[in-house]
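Chain A is the first sequence line, chain B the second, and so forth, proteins listed ahead of strands; every chain is numbered from 1.
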Amino acid sequence: MKVRLICSGFGGQGALTIGKFLAKASMKEGKEVTWLPSYGPAMRGGTANCSVIFSDEEIASPIVNTPDVVIALNQPSVDKFEPLVVKGGVLIVNSDMCPNGTKRKDIRVIEMPMSRVASDMGSMKIVNMLAIGIFIEATKVVKHESVEEDLVAFMGEKNPDLLELNMQAIKKGMEFAKE
Amino acid sequence: MKVRLICSGFGGQGALTIGKFLAKASMKEGKEVTWLPSYGPAMRGGTANCSVIFSDEEIASPIVNTPDVVIALNQPSVDKFEPLVVKGGVLIVNSDMCPNGTKRKDIRVIEMPMSRVASDMGSMKIVNMLAIGIFIEATKVVKHESVEEDLVAFMGEKNPDLLELNMQAIKKGMEFAKE
Amino acid sequence: MAKMTVDPFYCKGCGLCMAACPKKLISFSKGINQQGYHYAECTDQSQCIACKMCYQVCPDVAITIEK
Amino acid sequence: MAKMTVDPFYCKGCGLCMAACPKKLISFSKGINQQGYHYAECTDQSQCIACKMCYQVCPDVAITIEK
Amino acid sequence: MKIIATRPKALSDRQFTYCPGCLHGVAHRLIAESMDELGITKKCIGVCPVGCSVFAYRFFNCDFTSAAHGRAPAVATGISRSRPDSIVFTYQGDGDLAAIGTAEIIHAANRGENMSVFFINNAIYGMTGGQMAPTTLAGMKATTSPYGRDVNDVGYPIKVCELIDSLEAPVFIERVSLLDAPSIIKAKKAVKKALQYNKERKGFSLVELISTCPTNWGKDAVEATNWAKKEMLPVYPIGLIRDKGAK
Amino acid sequence: MKIIATRPKALSDRQFTYCPGCLHGVAHRLIAESMDELGITKKCIGVCPVGCSVFAYRFFNCDFTSAAHGRAPAVATGISRSRPDSIVFTYQGDGDLAAIGTAEIIHAANRGENMSVFFINNAIYGMTGGQMAPTTLAGMKATTSPYGRDVNDVGYPIKVCELIDSLEAPVFIERVSLLDAPSIIKAKKAVKKALQYNKERKGFSLVELISTCPTNWGKDAVEATNWAKKEMLPVYPIGLIRDKGAK
Amino acid sequence: MSKVLMKGNEALGEAALRAGCRNYFGYPITPQSELIEYMAKMLPKCGGKFIQSESEISAINMIYGAAGCGIRCLTSSSSPGISLKMEGVSYCAGAHLPFVFVNVVRGGPGLGDIQPAQSDYFQATKGGGHGDYHLIVLAPASVQESADMMFKAFDLADKYRIPVMILTDGLIGQMMEPTDFPPMKTDDEIKALREQHKSWCMHPRDEEDNSDKNVIKSFEIDPQKLEENVEALYKKYDVIARNETDWEEDNISNDNEILFVAYGTSGRIAKTVVEMYKEEGKSVGLIRPKTLWPFPYNAIKKAAKNVKKVFVVELSKGQMVEDVRLAIEGMTKVDFYGRSGGMVFTPDDVKNYVDSKLGEVK
Amino acid sequence: MSKVLMKGNEALGEAALRAGCRNYFGYPITPQSELIEYMAKMLPKCGGKFIQSESEISAINMIYGAAGCGIRCLTSSSSPGISLKMEGVSYCAGAHLPFVFVNVVRGGPGLGDIQPAQSDYFQATKGGGHGDYHLIVLAPASVQESADMMFKAFDLADKYRIPVMILTDGLIGQMMEPTDFPPMKTDDEIKALREQHKSWCMHPRDEEDNSDKNVIKSFEIDPQKLEENVEALYKKYDVIARNETDWEEDNISNDNEILFVAYGTSGRIAKTVVEMYKEEGKSVGLIRPKTLWPFPYNAIKKAAKNVKKVFVVELSKGQMVEDVRLAIEGMTKVDFYGRSGGMVFTPDDVKNYVDSKLGEVK
Ligand SMILES: Cc1ncc(C[n+]2csc(CCOP(=O)(O)OP(=O)(O)O)c2C)c(N)n1
Ligand SMILES: Cc1ncc(C[n+]2csc(CCOP(=O)(O)OP(=O)(O)O)c2C)c(N)n1
Ligand code: SF4
Ligand code: SF4
Ligand code: SF4
Ligand code: SF4
Ligand code: SF4
Ligand code: SF4
Ligand SMILES: [Mg+2]
Ligand SMILES: [Mg+2]
């Protein structure tokens, strides 16, 4: 099994954090995984992104040029990475921040108004978890229990109510991806 | 023709200057010539020295290990360089500064009490020219006119009386070497 | 009569001009500029006294004052 | 009673002790030491007042004073 | 109506690469305005440092060079000594000038090189993500002083103007603030005087401009200016330190 | 009779490599005497510079290291921070400390590193044959200021104690003279105090010792001390600059 | 020990702490800053000393002092900062000082950019500083290997009294991978580390200790003595070359048609290309040098015996390729593919180049 | 022009002045000090600017400023001081800046000693600084050649906008030999030199001059652009290698039994050995590279065609020998003889070594 993910958005939208959570979860399940951030000009151009590879065997090059899955949190990210998605791949989009939508027909596109859903659920901070929920459901690469275990460890004491919200967001995302 | 000279003495005794004067004179006569000073520990050990090579063709290595002629202005210089003189070579010594004298019999040794002669002639500064006079006479490598030309150019205006003294010292040295 | 104009090309919506304007005439625009920022606008030119305070503090030299 | 001795091993004949001695008791030796310098000597120990001025100024710490 | 304030001609038309609210931009304007008013833009040669202002060469309409970290005063010396009819100025951050560039700034100042040095003190390393600078305040957190700067372990904030003031040759040394409009207006005078003396070949001028770094201070633009007024100004007193040019 | 003055135990028995009349030797004696009197020789670690005192490691009976030109304060920082129970001192010339080593001395002083810095100001580069130093006097000839130092072109003699005095952390700063017996006796007190505060881990001390270089000044030993008294002392005033250790 | 997801730069710091390093001196520079920031956070917690020096030059000289006291110490920087350390490194090598320093290489020359590169190979292995000297140079290709090599680096430095450089790059430094670490050295072990070099290092002594004084220096005014010191260095280098040369072989066999030689990030990318050729049924071998000095000349010569062509791939204009040519001594053709300025080639880029060249050879 | 007896270091200074160089920035260090002292004495007399900088680092950065203004400028140092300039040199190379700098090499590593050596070859030709770059490196073997090469260095620097290093050593620097100099450039010529680079260099403009502004920098935040700059550098390097590679052949012929390859001081000594063999009736050839970069690979390969053995002699532990091996590609055996630490071998030392090795080959 080898799945390549690119996760992209504005600096501060949490694209890099989504990648880290998924990578940690996959590591917990004993998989080989690499997480690689992009730096420099990308940051300024509004497409700060990370590449994550989930694999059973040792991962050679950590660079992703033909992603199986792309999570795009803003329009510049859609414009830059949609063309790279392999045929039959998955494109997860936060439609609130992508006014011009997507173009390709030969891939599975999952568009969710994440910002609005998040603010309805009470905090913009959980946009990441919505995207993670969709990813888990759409790709089955990691189990949601692994992600949740990590979340508990990460913010169990510090921020229990945000933890609760995050857990709901993951479920919300998974349900959304089911339809 | 290729003649190798080592000229050695205390820092400040003018050993390096003797070498420069002879090199300049030889250059004036159209010869190839190299002048190379020794540095560092030698200076502290009382054997600041220079190597001069006079030749008709291009000079390859400027380093002298088997000198044809050695001018030794003090005892440490005699001790260090006497053994290196080629058989049949010339060793010119300032006997005033070399209490233990010389050992070798297979070379021509010219010992002159240069300090006393110089002070008798009125200035310790002319010790160099005595040595130069002896060298000119003993080796015929350079003509005394060339050396004198240089001296005139060098101290003609600045110091005419010292110039006069120097000229006499050269002649004195040449005569001494004749006996 | 005075006129304060903000060039949306340069403004990064930092808010320093708003704090500096003695007449509190400046606020954020509705729309976002090409860099994705809500830019500053003078809400009431008639009140503007061309004191140039906003111009002085603007780190992106986005403001022009006429009098 | 005082005693000023110069160790010829260290002395470089710089003359600073001679200038410093209030009693002008120090002068150069006849012979030269192993490094080739004329070294300093106290010419009249009886006059020495062990004021240690010579010791203070000696850059090669060649002087020992006893009292 | 007539335009009484707009972008100086000496400023290029490119967008600044600085974060929103970063006062580097104000310093740029003051320099550009002075260049316009003194009519020297075509004679000016600027030297920018390594730091967030590494891109400054894009923002001025005069010849420019980007120097290695800390070396701008030496580069400016080379320029001033080879094209003596140029008006050379350096634009440096606090890490650039007061850490790695300490020897260069002191010796350029001591030689009395004919240049104007504009020194932006934002008490932090901006470009590399918020590390401690020699000007970081006591107790102030930064990524390389995560527990707050311990002055007993890593020393006190360095007062550059006072340090340079111990040297004989410098002609003009002043510390100014960019933290509010009145201060900026006063700062403009100092910036202009530094370039004036340069034009009259009077020698070495240093202007220290107290500035902010909202991004790495974790504050928005306005909070940052307030924090700087409250915390930085007591440590870095504003005012004229020396002006031998007037005579 | 009893010996009341002889070679200190902390001095090794090797002949100094300095020229006749060079006051480096006096500075060595004062340090060695202080080490004896404070009983700290076994705890001491010395750092010698690049200059005529590059051989200083041969003349002291304690551990020593020879640092790259100008870097002794940084090397001493590394030693002091890794063996905190050692008493670290640096011994530096004016080219070493005030030219290439400017950043190192200022930042070691600013951090308040626990060390004693002995700075020999002989207004010239001795080892390399008499080039101009930052401390070379106005109008003074040297092989790289053959027409006399032109202060309008290459700046004024740098007053290191005053420069360091602009920093907060240093505990003790004094300038002394080795030019005659009474001064040497006073200098000894300062040298001993610098090592005393070091032993009590009070932080950074700097002692500047005005010295001579007969060989490159073209004077004999006595003339050199007289010249220095007449010419150097007015430029480098002797006296205590700061002593925060006593409190 | 359960694995942790960690950045390459931070894994280097964590491994150094566990190896007993309690002194860090450094200066911030991208893409190395996570390492200095990690040490700033962690050292105070375990009684260590952290200093952000005023420059990279004062940092390497602080190292000269600490290593001269026989203390495990670390410094790190990226390309421009490493160039500033060249005089200091030459001094440390000449004084036989043991310490570890990291170069997280970025695009050059000059101020360059902050992207990953391998264009400092010559500086690291042939000598960026003056005079005859060498460093042991280790080249990790993963976060796990970065940690393992940091441990090994301190042991090698102490064993041979030699500076050890870890030559990594911005990509490995910024990448996160699951990593596990050996346990932290115990207090006793750390105490022993402070004692191990007391025969030659500077250290304060108790009153009753009358051992000879120790002097740390890199000069001899007498050239004969300096030559003796250089000969001693080179005798040591021969022993190291014999004992410590290290490389990884991937799919090396007698029926290899092509041999790749690549290290670090290029080594990982070449591995993907080996797999791509395997899928096409073509036998391609890879030698990945793990020690860049001492360089695995013999292993490469052996592996290249009966291949048609050797391809060297580097993130530079070709520097290690010269050492590969020295190993092969003209026996087989050696070709080079590289990208410079911080650009990173993809496995396809490499394969397309090799395919284009194979066409010629058939 | 009548010959003058002059020291190597001073001949370099005199030639620079005659070549129109009016700006010197440097710091004293043995065995280079005569050059900086000569410039201190002479520059003020011809309206030039001399600065003794506070360190070698500020000197190379003053050069960066002056060369950035298109002005002929010179700096010089010896080994440790050159190591301190490595960051600056990498910046200058990246910014395509023309200037000349001299390394009067001394025994190393570290503080080493002040005797002559050749142990900075790698630093000069492979790159002591970070990133992909090269310098033109000229190696004089006499005082006359030092002067001639200084003239050529300034012309090459201006022609290719590249830093040019003159790699000499303490012996050639301190030696005096009869030397003649081309005439001093006229004021007009010097004025023209200040104008030649105005299309790219920084310079004050008159009011009516509306030409675009010039920027001197060595960085591109976008790696694609930085790669383009590196490619431009390497295109230039190919042209230089084709046009400017220079070497001297001594007694090269098809019946050479042995080939010597040696530069600078070692080149002179090897020449004496060639003569010694000639007296023994043995045909021995010598290639003396005059440009160490670009290196005369082809000339050496051709001259080594049918010799039994190639001997490389250097005042180091063997650095240029690697480039000779790269040239020969295993075609013939390459042997090395060298002394380090500032020791200088004699012609007899070299001959004895070669004779001992020839015994084996027969
Ligand atoms: C020799 C060297 N060391 C370190 C760096 C990395 N670096 C780039 S910017 C910077 C600090 C800039 O801080 P400052 O000078 O205060 O400028 P600011 O960004 O705050 O304006 C550093 C350390 C470098 N490029 N070169
Ligand atoms: C990096 C470097 N630059 C220059 C030198 C050459 N050098 C040796 S000693 C010296 C000057 C010493 O002068 P100072 O520090 O005043 O000491 P003094 O000899 O006067 O006591 C210099 C420049 C060097 N060894 N290393
Ligand atoms: S000119 Fe003055 S009154 Fe007008 S908007 Fe600006 S700050 Fe306000
Ligand atoms: S100060 Fe300038 S950049 Fe900031 S909001 Fe106002 S106009 Fe925009
Ligand atoms: S102790 Fe005093 S009186 Fe005696 S010799 Fe010395 S200086 Fe003179
Ligand atoms: S001061 Fe010392 S070295 Fe000088 S002459 Fe007197 S005893 Fe000798
Ligand atoms: S990081 Fe700080 S200094 Fe740099 S641009 Fe942003 S606010 Fe300004
Ligand atoms: S050269 Fe000067 S400083 Fe050096 S030992 Fe001689 S007198 Fe002393
Ligand atoms: Mg800053
Ligand atoms: Mg000095």
Side-chain angles (χ1 to χ4, degrees), chain F residues 10 12 17 39-50 52 54-88 90 100-111 113-115 127 198-199, chain G residues 21-25 43 47-73 75 85 87-92 94-95 97 99 129 194 198 200-221:
Chain F
S12 78
T17 46
I40 55 173
T41 305
K42 295 217 169 155
K43 300 288 183 206
C44 279
I45 298 181
V47 184
C48 56
V50 172
C52 286
V54 69
F55 298 108
Y57 68 90
R58 298 181 183 176
F59 310 131
F60 290 89
N61 289 331
C62 64
D63 283 1
F64 237 93
T65 182
S66 136
H69 197 32
R71 317 304 174 186
V75 173
T77 300
I79 295 169
S80 169
R81 297 275 179 156
S82 52
R83 298 275 183 193
D85 43 4
S86 62
I87 295 178
V88 195
T90 78
I100 192 168
T102 306
E104 280 74 15
I105 189 67
I106 283 184
H107 283 277
N110 192 62
R111 286 191 301 267
E113 298 289 346
N114 194 62
M115 63 177 67
M127 180 73 163
N198 192 334
K199 182 178 172 180
Chain G
C21 167
R22 288 298 173 272
N23 288 68
Y24 177 88
F25 313 98
L43 271 173
K49 288 278 167 41
F50 167 84
I51 295 191
Q52 179 182 317
S53 59
E54 60 274 18
S55 78
E56 290 84 355
I57 292 175
S58 65
I60 189 71
N61 281 287
M62 291 176 187
I63 287 282
Y64 182 89
C69 289
I71 297 293
R72 285 196 161 184
C73 50
T75 187
K85 293 179 192 287
E87 187 212 24
V89 168
S90 174
Y91 270 71
C92 290
L97 292 181
F99 68 95
R194 289 177 68 90
K198 287 214 167 164
W200 59 265
C201 76
M202 300 179 288
H203 62 282
R205 289 169 172 68
D206 301 332
E207 274 321 304
E208 60 290 351
D209 173 352
N210 290 319
S211 53
D212 292 344
K213 73 176 189 176
N214 291 329
V215 174
I216 301 294
K217 66 181 173 61
S218 67
F219 80 101
E220 293 291 347
I221 198 67

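Remark: F:K199 engages no residue in a side chain to side chain donor-acceptor pair (under 3.5 Å) (not counting sequence neighbours).
Here the CD1 atom belonging to F:I105 is positioned 11.5 Å from the CG atom belonging to F:N110, to the nearest 0.5 angstrom. Annotation: the span from F:I100 atom CD1 to G:I57 atom CD1 amounts to 8.0 Å, rounded to 0.5 Å.
Taking F:A74, F:S80, F:A108 one by one and counting their heavy-atom pairs under 4.5 Å with chain G, the maximum is reached by F:A74. By number of non-hydrogen pairs under 4.5 angstrom with chain F, the leading residue of G:N61, G:I60, G:N23 is G:N61. For the options G:A67, G:G65, G:C201, heavy-atom pairs under 4.5 Å to chain F are most numerous at G:G65. Note on F:G46, F:S86, F:G70, F:A68: by heavy-atom pairs under 4.5 Å with chain G, the leading option is F:A68. Per-residue heavy-atom pair counts under 4.5 Å with chain G were compared for F:A103, F:A72, F:S66, F:G39, and the maximum is reached by F:S66.
Using a 4.5 Å cut-off between heavy atoms, G:I51 contacts chain F through its side chain alone, with no backbone atom that close. Both the backbone and the side chain of G:N214 come within less than 4.5 Å of a heavy atom of chain F. Using a 4.5 Å cut-off between heavy atoms, G:C73 does not touch chain F at all. Looking at G:R194, both its backbone and its side chain come within 4.5 Å of chain F, counting heavy atoms on both sides. For G:D206, the parts sitting under 4.5 Å from any heavy atom of chain F are the backbone and the side chain alike. Using a 4.5 Å cut-off between heavy atoms, F:V54 touches chain G through backbone and side chain atoms alike. Using a 4.5 Å cut-off between heavy atoms, G:I71 touches chain F through its side chain atoms alone. Both the backbone and the side chain of F:D85 come within contact range of chain G, judged by heavy atoms closer than 4.5 Å.
The aromatic rings of G:Y91 and G:Y64 sit perpendicular, their planes meeting at an angle over 60°, well past the 30° parallel limit. Ring geometry for F:Y57 against F:F55 counts as tilted: the plane angle lies between 30° and 60°, on a 0 to 90° scale.
The closest side-chain heavy-atom distance from F:P73 to F:E113 is not below 4.5 Å. Residues F:H107 and G:S58 form no side-chain contact, since every pair of their non-hydrogen atoms from C-beta on lies 4.5 Å or further apart.
Pairs of residues two or more places apart, or lying in two chains, that qualify as salt bridge (charged side-chain N to carboxylate O under 4.0 Å, His left out) and include a residue from residues 62-73 of chain G are G:R72-G:D155, G:R72-G:D158.
In the displayed structure, G:D212 atom CG is contacted under 6.0 Å by at most 12 heavy atoms of other residues, nucleotides or ligands.
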